[in-house]
*Asks:* 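The structure follows.
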Amino acid sequence: MIRRLPRNSLVMAVIALVICSLAPLKASWLDFAVMAGIFSLISLSAGLSYGQAGILSMAQGAFAAVGAYVTAFFGTRLGWPTLPVLALALILPALLAYCVARGVTRMAPLATALASLALANLVEIIAKSWDSVTGGYIGIAGIAPVPGFARPALFNILVWSFVVIAIIVYESVMQSAHGRALNVVRHDRTRAIADGVAVAPLLSSMLALSAAMAGAAGWLYVHYVTYISPQSLDTGVSISALLMAVVGGASYILGPVLGTVLLSLLVKFLPAAEAQGLFYGGALVIILVVARNGILGGLERFRPRSDKERAPHVPHVPAEARATSSAPSQHEEPKREAVPLSSEPGAP
Amino acid sequence: MTRGLLVRGIDVAFGGVAALAGAGIEVRPGRVSGLIGRNGSGKSTLFNCITGFVVPVKGQVMLDGVDITRRAPHQIVREGIARTFQTPRVDFRMTVREAVLCGTYATVAHGFIASALKLPRARLAERNCARATDELLDRMGLAHEAGRPLATLSMGRLRMVDVARALAAGARYLLLDEPAAGISREEQVTLAREVRKLAASGIGVLLVEHNFSLIRQLCDRITVLDGGRVLLEGDTESVMGDERVVLAYLGTRHGEEPPS
Amino acid sequence: MHAAIKRTIGIRRGAGLYQAIASAVLAMGTLALALPAQADTVKVGVLLSFSGPAAVFGLPERDAILALQKEVAATPINGHTLQLVFFDDKTNPTEATRGATQLISDDGVVAIIGPGTGGGILAAGPIAERLKVPLLAPAGTVAITDKANSFAPWIFRVAINDQVGVKTLLGGAVKNGAKRVGVFYQEDAYGKFGNDYAQKLAGELGFEVVESVSAPYTATDLTADATKLRNANVDTVFMQVSISSLGASFLKAAQQVGLKAQIYANSGLSQKSFIDAAGPLGDGVHVLSIGNLPYDPTPPEQKLAAILEKNGEHPQGWGEVVGSNGLMAVVAALKKINGPVTGENMRATLETLCGFDTLSMGRACFSKDLHDGWLDDALVVTTIHDGKFRSH
Amino acid sequence: MIEYILRGLLNGAVYALLALPMSLLFSTAGTIDFAVGGYALLAAAVASTVSGPLGLAAGLAAGVAASAIMALVFALLKRAGEAGIRIALASFGLSVALSSFVLLVWGTQPFVRSTYSTFLEVFGLRVSPQGLINLVIALVLVGGVQLLLLRTGLGRMLRAAAASPLAAELAGIAVLPLQCATVLAGGLLSGVAGLLIVYSSGLDFTASLSLTFIGFAAAIVFGIKSPIRSLLGGFAIGIIEALSAGYTSGLVTAMVPAVCILVFLIAAQLLAPNYTGDRP
């Protein structure tokens, strides 16, 4: 189901402009905006890998951590200049993701989630034990800010321009031949193969792209917080990235960004101390039950739709995850009766 | 270099059960080859061997002199062998144009990164795919239905879209999987006309079909499968008249002994 | 403004939510009517871990500060009305930076007691340096006052440096004849430091580390670790652990596998919850403690214990002590500052505080190049007898 | 060497009880319940405040009550035709809420009961009776669930629902109530696991997610198919953890569950022949 995607990049650019102009008014708003931007990138990467490629990855936090540690080690310890370090922070997580994905793409969604969770655990344990490189439990402190973007207001602009670039790349992939092929793969792998799609490399490339996005978030995180330790970007970050994407609407390009801002606000204004988890957990359950396709999915239902507009997006589980027998079982009947016998006069 | 799709000596077994034994077929460019046989005779298994979904134990699939037996299915499509599905496997909310556009993926050479960064070669490929799709839609008479969701189409039109999608993949050899099943009389006529036009344009067609009138109209040569073996292979007239074919299809009259 | 007041009241541990919301509403009402304060109001942030693993000592620290605020800071100090603003860093470095930024930039605090963990302090340090507000850190992690960090001048330690703690404890063990020492440590920054530093001290103090085993917070069974130490026939076990349940289950495993050795535990376990968890197994275990608030309090500690009891809190352990150290340091600094209080002059004054009165053992002293306020005279090696830490 | 294996076995019994609800729910409803650790924690907290047998019953009741919330959420989401991921994420929300509730009400003190001080000599090894009790309880429960699945009518319906929910629905089996019952059964089983942990090593409010992960690892090691596999998986994780704790550094122990999951998943996936599901 190829949706003519409204110009998400334009919408995102406008939102980014508003954020960058309003945030500097108050220091804590600025801090909130920077953090929301960084975590939007991670939840965007979850939206890309799960929402579009159907790969349920719980390792987005780990990819961000790899990006962060690479920046901390090469940037601070070895003193490399900023741009090569940024390139490395994008490429290394992408390579790690590509290799893992090739072993995982044919698994059922929940099995992929477990495998990625295990990978995230391994990354965390390596970060704790490889003292010479990652600084072990203490981590690495005193990471210099990005030259020229030391002031938080400027850094905020850098963060949100990264988010806009990520959306532009995300959108151009989804509108390209590979994006169309991906939609076919998510609907029915066999059909995609018949169109000449190499399924495993395509899905792995999508996870690699999402890992690069998470790596960029790691690069930004470590330059802002100037400190990285195994706890900073742990499995909790991966799970909340997925939550933010799913709550916002995983299959919509802007869903994850909306989800991130909403959940961050929720965390900021919930009463602190012991009861915080109770409210946060409760709110998550309620949102997940109420907004079935995420908030954007919910909104779509109220938007007036012309005949050619798509029906509300039904989250697709790739065909082979459902098809138990190898017989070409037709996936469950689409809502409309497959082929109306009489071909009624169609729309223009 | 022998032009054509030559499939010879194919043995396939599923857990001890011999699905195919020494089966084979030839598809020449510009010709229509028929493949008939009762259900369970191994037609679809042979079909899957050619398209790479099943790897035969023994035997060879040669495409214009190149051995593609062990190739992955998506590579075989890119080599020029495209197929249609008997029960259409499509997302019914796609429009006709989008469905055919998906087929053009097989002609796309640029990588994932080029698409992500919208590099010039990616943009060029996009334009080419769009142009090829529109040309195909005109050629196949689907242009006026281009914007309609597939769900609003009849089975016959869906089949035509499937053929168009296969051609969009740059098919030199077209494998049709029971295209006439469940479509109306007039739609069979249009189907026959289109297939004849395709063959005339140099495309080799392999037609797997139960509908004898269509087989008789379209096919230059026919291969008959029975129990995983090639019962008979020859030009249409001789095969159609052959007593064994009638027998294999219709079985013996009550009480008569089948010839040895 | 509203958020700050609501956090000022803070939610006491164990109290129902209704009480908290009711008191918040009440406070807003009264404050609105109160006359604008004549003396200048000085805001100080309290950035500790009220949730997550470090809540085990974050909550007692907060309770001590809340109780003390009523006693020590009820009336203006040298013309400054002290107002505390709380923020939960959830044992997470990212939240610690967010808290530091908000407390300093939005709430305008001139000092922060916290963050609660070594990682949080290293994360918030650069912000304290950039926004020029000192951090009074209740943590033992050595790295936080390491001169190599550019933000070191802005960090004041109100607990005991881990190195001082380990040296005091193992010194005591050697005096009692410890020769072959086995180390059991938890897998985090605190645990790993203890293991590495014990190896360094071995030569200096004349003992030998023959074996060291570690376990994650979540380990449910430590018999394998205890067996390993028994097989290395150690005569003393040094426990570098701060999670009570982990410490208690090690004692249980040691008894189970028949590990006969003197046990010396670092100050992380000098908590009431460790004694409750260990039960009879705890008898004879030596535990290093910052003072001995719950059982043999020294005179200043008795005052702290009284204040806590008055507020319905029964003393837990070193959490309350280091919490009170933080607040007492702030109070001492305010006494010396006349006129408006800023982050810079708060930092400068803190460096001049020496021998100021505190509610904990030992003499507290900060100076330009020594930001570790409390040293080994604030420590005591206690021994557990029938469910109590005994100082002598 | 044998000592470590035996300790790992006793320890693994508790892991098996955590793995059982995981494999039951995964096979019948195709989703993961992150809150299993939370039920065990709540059961432990309640049981440690009320003393005596009443405490045990109250603890189990608390565990089941917590899983009832999850069952309700499960039913709401399943009726809305939901893929497994949203249910798994909702269970994660519940797990966070449960551990925060325990922190709010019981504070940070650990839940542990001092057990037997006498020890049994089992072929020359000092073993605490609690370990044996854990083993016996685990064997009884796993055996019971196995029998229930294989021998009873309810068991057949459960397996039918697991094989193909659509077919079971058509065959008149009320699939949704069955799946909710599985969630409740999960609450009970993890409640028992929580109680056993209180009497063996104790736990505190931070334990809920880590217990869930250990349950995953044990459920995954030998595949999700039957209760017996969860038991064996629990033993395997227990033994590997004990051996690695005995012979290597603690960090390796922490890696054990993660490595098991990765190795098993990728191996199972490599063994699966290619293109079985894809043939048109």
Side-chain angles (χ1 to χ4, degrees), chain A residues 24-36 38-39 61 64 68 121 124-125 128-129 131 135-145 150-152 221-234 236-237 240 264 267-280, chain C residues 3 6-7 10-14 17 20-21 24 50-53 55 58-59 62 86-88 90-107 117-127 130-131 141-144 146 148-151 187-193:
Chain A
L25 300 179
K26 209 162 166 247
S28 69
W29 289 0
L30 195 55
D31 176 73
F32 179 82
V34 169
M35 275 303 162
I38 290 174
F39 282 100
N121 265 341
E124 197 174 323
I125 289 166
K128 285 180 184 164
S129 47
D131 288 21
Y137 291 101
I138 301 288
I140 300 172
I143 293 144
R151 278 202 16 256
Y221 174 86
V222 92
H223 277 298
Y224 181 68
V225 174
T226 73
Y227 169 74
I228 178 74
S229 79
Q231 286 88 17
S232 316
L233 293 168
D234 59 5
V237 167
S240 42
S264 308
V267 167
K268 187 169 165 60
F269 290 109
L270 278 181
E274 306 91 330
Q276 208 262 342
L278 200 58
F279 288 102
Y280 183 67
Chain C
K6 195 159 170 318
R7 274 201 303 283
I11 293 169
R12 189 175 312 281
R13 180 163 61 81
L17 279 180
I21 294 169
F50 307 142
S51 57
L59 292 171
R62 179 199 59 186
F86 292 78
F87 194 98
D88 174 16
K90 305 189 185 67
T91 326
N92 180 314
T94 313
E95 286 300 312
T97 55
R98 183 175 286 188
T101 309
Q102 179 159 326
L103 288 172
I104 298 170
S105 313
D106 281 15
D107 299 319
T117 58
I121 296 157
L122 291 172
I127 294 174
R130 176 157 51 88
L131 301 176
T141 316
V142 181
I144 62 174
D146 180 348
N149 297 327
S150 65
F151 50 80
E187 275 149 29
D188 66 359
Y190 179 71
K192 191 147 191 317
F193 158 77

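Atom set for the values below is all heavy atoms of this structure, side chains included, hydrogens, waters and symmetry mates excluded. Each chain gets a letter, A, B and so on, in the order its sequence line appears, and its residues count up from 1.
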*Asks:* Relative to chain C, which segment of A:Ser232 carries a heavy atom at a distance below 4.5 Å: side chain, backbone, both, or neither?
*Replies:* both

*Asks:* Sort out for me which of C:Thr94, C:Ile127, C:Asn149 touches chain A most, counting heavy-atom pairs under 4.5 Å.
*Replies:* C:Thr94

*Asks:* Below 4.5 Å from any heavy atom of chain A, which atoms of C:Ser150 appear? Answer side chain, backbone, both or neither.
*Replies:* neither

*Asks:* Looking at side-chain heavy atoms only, is the closest gap between A:Asp31 and C:Gln102 below 4.5 Å?
*Replies:* no

*Asks:* Roughly how far apart are A:Tyr137 OH and C:Thr141 OG1, rounded to 0.5 Å?
*Replies:* 13.5 Å

*Asks:* Supply the atom-to-atom distance A:Thr226 OG1 to C:Leu122 CG, rounded to the nearest 0.5 angstrom.
*Replies:* 9.5 Å

*Asks:* With C:Thr117, which residues qualify under side-chain hydrogen bond (donor to acceptor under 3.5 Å, both in side chains), at least two apart?
*Replies:* none

*Asks:* Using 0.5 Å steps for rounding, measure from the CG atom of C:Asn92 to the CG atom of A:Leu233.
*Replies:* 9.0 Å

*Asks:* Is the shortest heavy-atom distance from the side chain of C:Thr101 to the side chain of A:Met35 under 4.5 Å?
*Replies:* no

*Asks:* Taking every heavy-atom pair that is under 4.5 Å apart, which of A:Val34, A:Asp131, A:Leu30, A:Asp234 has the most such pairs with chain C?
*Replies:* A:Asp131

*Asks:* With only heavy atoms counted, which part of C:Ala55 is less than 4.5 Å from chain A, the side chain, the backbone, both or neither?
*Replies:* neither

*Asks:* Should A:Pro152 and C:Arg130 count as side-chain neighbours, where that means a heavy-atom distance under 4.5 Å?
*Replies:* yes

*Asks:* Distance from A:Tyr227 atom OH to C:Ile121 atom CD1, nearest 0.5 Å?
*Replies:* 9.5 Å

*Asks:* Could you pull out the closest heavy-atom pair between A:Ile138 and C:Ala143, with the gap in Å?
*Replies:* CG2-CB, 4.4 Å

*Asks:* Please round to the nearest 0.5 Å and tell me the distance separating atom CD of A:Gln231 and atom OG1 of C:Thr91.
*Replies:* 9.0 Å

*Asks:* Just so I understand: if I count every heavy-atom pair under 4.5 Å between each of A:Tyr221, A:Phe32, A:Tyr224 and chain C, which residue has the most?
*Replies:* A:Tyr221

